[in-house]
Number of protein chains: 2
Amino acid sequence: MNRVIIEAMITMSDVARRAGVSRSTVSHVLSEHQGETVRIPDATRQRVLEAAREMGYRPNALARSVRSGKTRMIGYLVDEPRYEPYWNIMVGALEAADELGFTLKILSVSHPTLADRVRQCTELRLSGIIARLAGSKRLLFEEANHAQIPVVTVDEGIPQLFGTRITSDDALGIGYVLDHLTHFGHRKIGFISSGFPRLNPVRKDPGDIGTAREELFRQEMAARGLPLPEGYVTHDTVMVFGCKAEVTIDSSSAQAATNALLHHPQGRPTAIVCWRDETALLAIQECHRQGLRVPEDISLVGFSDISAARLCDPPLSTVKTPWEAMGRLAIQELVQRVDSNFDPAPTTHLVPTTFITRATSGPAPRIKNSRR
Amino acid sequence: MNRVIIEAMITMSDVARRAGVSRSTVSHVLSEHQGETVRIPDATRQRVLEAAREMGYRPNALARSVRSGKTRMIGYLVDEPRYEPYWNIMVGALEAADELGFTLKILSVSHPTLADRVRQCTELRLSGIIARLAGSKRLLFEEANHAQIPVVTVDEGIPQLFGTRITSDDALGIGYVLDHLTHFGHRKIGFISSGFPRLNPVRKDPGDIGTAREELFRQEMAARGLPLPEGYVTHDTVMVFGCKAEVTIDSSSAQAATNALLHHPQGRPTAIVCWRDETALLAIQECHRQGLRVPEDISLVGFSDISAARLCDPPLSTVKTPWEAMGRLAIQELVQRVDSNFDPAPTTHLVPTTFITRATSGPAPRIKNSRR
DNA sequence: CTGAAAGCGCTTACAG
DNA sequence: CTGAAAGCGCTTACAG
């Protein structure tokens, strides 16, 4: 351990004094683009370097940022920090930020605090913002545009007026799922959708990803000429808002949604597609409880590929959303905008999804009570 | 949207000019502790406030920090950002930081970059550091002590020379597990431990949490007078280090570890305790593959309570580590130190664990091939 | 090559 | 009550 007791942080002036040169010289030697503008003779440079090392000098990144007006710090605004995919986005973002010399700050935002949070972003002089936010982003864009901070939204269902939007190609995913299931002979396919719109019939969030997938499912079923009887789409209940911005998985509602499908008057579907993995896993529990084997009696498919999908038994067949890649892309887009002129014009990146065949999907059984 | 085109960020001088007062006055009105030292008459105050609002003024938090020397920004150093529990720690830390007016920065650190990362922490003038790091933390403490930055380590197996250490009370957890299992009549209990020491026999990390739990298990078994035949402790293989700091779950090694237990010459254990949930879940897959029912034929217990534990079927009985609470506590400890004199003296907080009885553990079966 | 000076945006004694 | 001045730690034209 260094035995020198340091009272306060060593500054550039201290180093200058020790090396017997001016602050300017120290700055030139220690600056990023050393030698680009001015050249310092090696003797002086060494003296400065050594003094800095001896004193354990650490440049003050904040002071630098104040001077340059650039923080190279990017904010990640998340409304549901507990949700695994949003963490995966962050992991990707973190990696990319590291590589590009940026740092990442996490700001958790529940709906009531959105205004404060975006304000905080500009006070922090963030170089860019990644937003994973349900609901209206008007406040965010107002503030960010005013402060000329580029923003990219991730996992956002609908196009927006400003900024870069990075979203997964769920239509592709749904297509894969239906190809897979029809290949296995399934024709009676149910869907468990997100219950969000029912919870909040007034403030309907058009960006609700569960409902978006439900729409896609309906379209793709129709496109394939597959029947979709009334009641073949049910809903679980997910709390997405609230002070603590928690994702509560209400198992009883997923259970009810599954049951409605299993006891459908026209006979149960031979396969159920769920708007996300958590729901699918809960649905499987319910199927087991009813004595149904997965996938022999019924196939189940999820969406996202959360870690549990791989760990469960049987492991879940699911659409893989490339969360980390989306996070990486978000950073790349942002960084690219940082050094160019601010331009809030909207663009969209559709990131391809893939389908992972694991063990919860298989050949359609012959249903005895089928009316076909 | 605000229709005024802003060229650059509005500064305090701009507001002062608009309000017809000096910068000092603006500062006084807008500062945190307004009115504590000086009192500004309401008329002036209103003028300033209105000017600031009209112009969309946002104080520069960086400049403030340079001045005050305090950033109220805490860094979270994680070596395996992909691992769910470390994300949970962050969620807790984030909440607590918000409440206390601090912000959180995430720094991912793979082993080779540790030096750079800790240096970055001091250059950023972080107010504190939360470290979730395997291996030696010498570099970290050298740097942090020099810069007088308080650090708390989380989920660190062994006591250290400096800083606050927050760790879960695994002894308690193991105790619960064995109480539970013996209550159900189990006496032949196996353990799957972390394979880390085997991977890295040279740089043995004494903080390896899997091995620590194994030790605890051995002690508690002995304390209860339960036999632990040679070979009743096996190991999976977890890659914890490497450039990308990934936690790779090598299912084949967990499989092998399970198999070794199932085919033990003295008969298989009636219960297996695993050093973490992922391993337990993988072990269950293997048991199923061998035609064993869980928990009728064999009980399985994990450690951590990751989200998959609840989602799987049967849901996993496990020791719950209070990750979020640990993150919260880390922040609280740090914040408390920020405004007091720097003191690196070591302290330890042992956070209690609990046991969650779910469906993978039950009464011990009568083993036919048992030699008892 | 190197230093004195001005400046980044803020705050805080210190006069008036 | 309010402003001029000095200062936080840094950088960057600008002289010499």
Side-chain angles (χ1 to χ4, degrees), chain A residues 6-49 51-52 55-72 122-126 147, chain B residues 6-49 51-52 55-72 122-126 147:
Chain A
I6 303 297
E7 285 308 327
M9 216 63 201
I10 300 291
T11 78
M12 202 167 246
S13 303
D14 299 322
V15 177
R17 203 170 309 122
R18 174 96 152 222
V21 296
S22 73
R23 282 155 53 202
S24 327
T25 304
V26 175
S27 177
H28 280 131
V29 171
L30 264 31
S31 92
E32 313 264 86
H33 15 255
Q34 8 158 316
E36 270 173 35
T37 30
V38 270
R39 28 190 29 186
I40 307 287
D42 247 18
T44 315
R45 143 164 292 120
Q46 290 311 329
R47 260 214 327 280
V48 171
L49 254 23
M55 306 181 83
Y57 170 72
R58 293 289 179 271
N60 184 330
L62 267 48
R64 279 186 170 166
S65 292
V66 169
R67 193 88 228 318
S68 67
K70 295 273 149 215
T71 56
R72 297 182 79 77
T122 89
E123 297 192 351
L124 253 12
R125 298 298 189 265
L126 260 27
Chain B
I6 305 296
E7 285 309 326
M9 216 62 200
I10 300 292
T11 78
M12 201 169 247
S13 302
D14 298 322
V15 176
R17 203 171 308 122
R18 173 95 153 219
V21 295
S22 74
R23 280 156 53 203
S24 328
T25 304
V26 174
S27 179
H28 280 131
V29 172
L30 265 30
S31 93
E32 313 264 89
H33 15 255
Q34 9 158 316
E36 269 172 37
T37 30
V38 271
R39 30 190 28 189
I40 307 286
D42 247 20
T44 315
R45 145 165 290 121
Q46 289 312 327
R47 258 212 331 277
V48 170
L49 254 23
M55 305 181 83
Y57 170 72
R58 293 288 177 270
N60 185 331
L62 267 49
R64 279 185 171 167
S65 293
V66 169
R67 190 85 222 328
S68 67
K70 296 272 151 217
T71 56
R72 298 183 78 77
T122 90
E123 297 192 350
L124 253 12
R125 298 298 189 265
L126 260 27

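Proteins get letters first, then strands, A, B, ... in listed order; numbering begins at 1 in each.
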Worksheet item: What is the distance from CG of B/Leu62 to P of D/dT11, rounded to the nearest Å?
Response: 14 Å

Worksheet item: Considering only side-chain heavy atoms of B/Ser27, which listed nucleotide, D/dT2, D/dG9, C/dT12, is closest?
Response: C/dT12

Practice prompt. Send over the distance from A/Arg67 CZ to D/dC10 C1', rounded to a whole Å.
Written response: 7 Å

Worksheet, complete the sentence: Rounded to whole Å, the CG-C1' distance (A/Asp42 to C/dT2) equals 16 Å

Discussion item. Counting only side-chain nitrogens and oxygens, does A/Arg23 get under 4.0 Å of the OP1 or OP2 atom of C/dG3?
Written reply: no

Practice prompt. Report which part of the nucleic acid B/Thr44 touches: base, sugar-phosphate, or nothing (heavy-atom distance under 4.0 Å, all strands).
Written response: sugar-phosphate

Worksheet item: For B/Arg47 and D/dT2, what is the distance between atoms CZ and C1' respectively, to the nearest whole Å?
Response: 11 Å

Discussion item. Measure OH/B/Tyr57 against P/C/dG9 and give the value in whole Å, please.
Written reply: 10 Å

Worksheet item: Out of C/dA13, C/dC8, C/dC10, which has the shortest distance to the side chain of B/His28?
Response: C/dA13

Discussion item. In this structure, how many angstroms lie between the P atom of D/dG3 and the CD1 atom of B/Ile40, rounded?
Written reply: 9 Å

Worksheet, complete the sentence: Between A/Ile10 and A/Met55 the two heavy atoms that sit nearest each other are CG1-O, 3.3 Å

Discussion item. For C/dA15, give the paired nucleotide (Watson-Crick: N1-N3 plus N6-O4 or O6-N4; G-U: N1-O2 and O6-N3; both under 3.5 Å), or none.
Written reply: D/dT2

Worksheet item: Does any donor-acceptor pair link the side chain of B/Ser24 with the base of D/dA4 at a separation under 3.5 Å?
Response: yes

Response to the item:
Side-chain contact check for B/Arg125: nearest option of C/dT2, C/dG3, D/dC10 is D/dC10

Worksheet, complete the sentence: Picking from C/dG3, D/dC8, D/dT2, the nucleotide nearest the side-chain atoms of A/Thr25 would be C/dG3

Practice prompt. Grab the CD1-P distance between B/Ile10 and C/dC8 for me, whole Å please.
Written response: 14 Å

Worksheet item: Of A/Met12 and B/Gly20, whose closest DNA chain D nucleotide lies nearer the 5' terminus?
Response: B/Gly20

Worksheet item: Quick one: do the B/Thr25 and B/Ser22 side chains pair a donor with an acceptor below 3.5 Å?
Response: yes

Discussion item. Expressed as a whole number of angstroms, how long is the span from B/Asn60:CG to C/dG9:C1'?
Written reply: 6 Å

Practice prompt. When you get a sec, tell me which of D/dG9, C/dG3, C/dT11 is the closest nucleotide to the side chain of A/Thr11?
Written response: D/dG9

Practice prompt. Could you please name the option among C/dC8, C/dT11, C/dC1 that lies closest to any side-chain atom of A/Pro41?
Written response: C/dC1

Discussion item. Using a 3.5 Å distance criterion without hydrogens, assess whether the side chain of B/Ser68 forms a donor-acceptor pair with backbone atoms of B/Arg64.
Written reply: yes

Worksheet item: Can you name the closest pair of heavy atoms from A/Arg125 and A/Thr71 and give their distance?
Response: O-OG1, 2.8 Å

Worksheet item: Is A/Leu49 close to A/Leu30 at the side-chain level, that is, under 4.5 Å between some pair of heavy atoms?
Response: yes

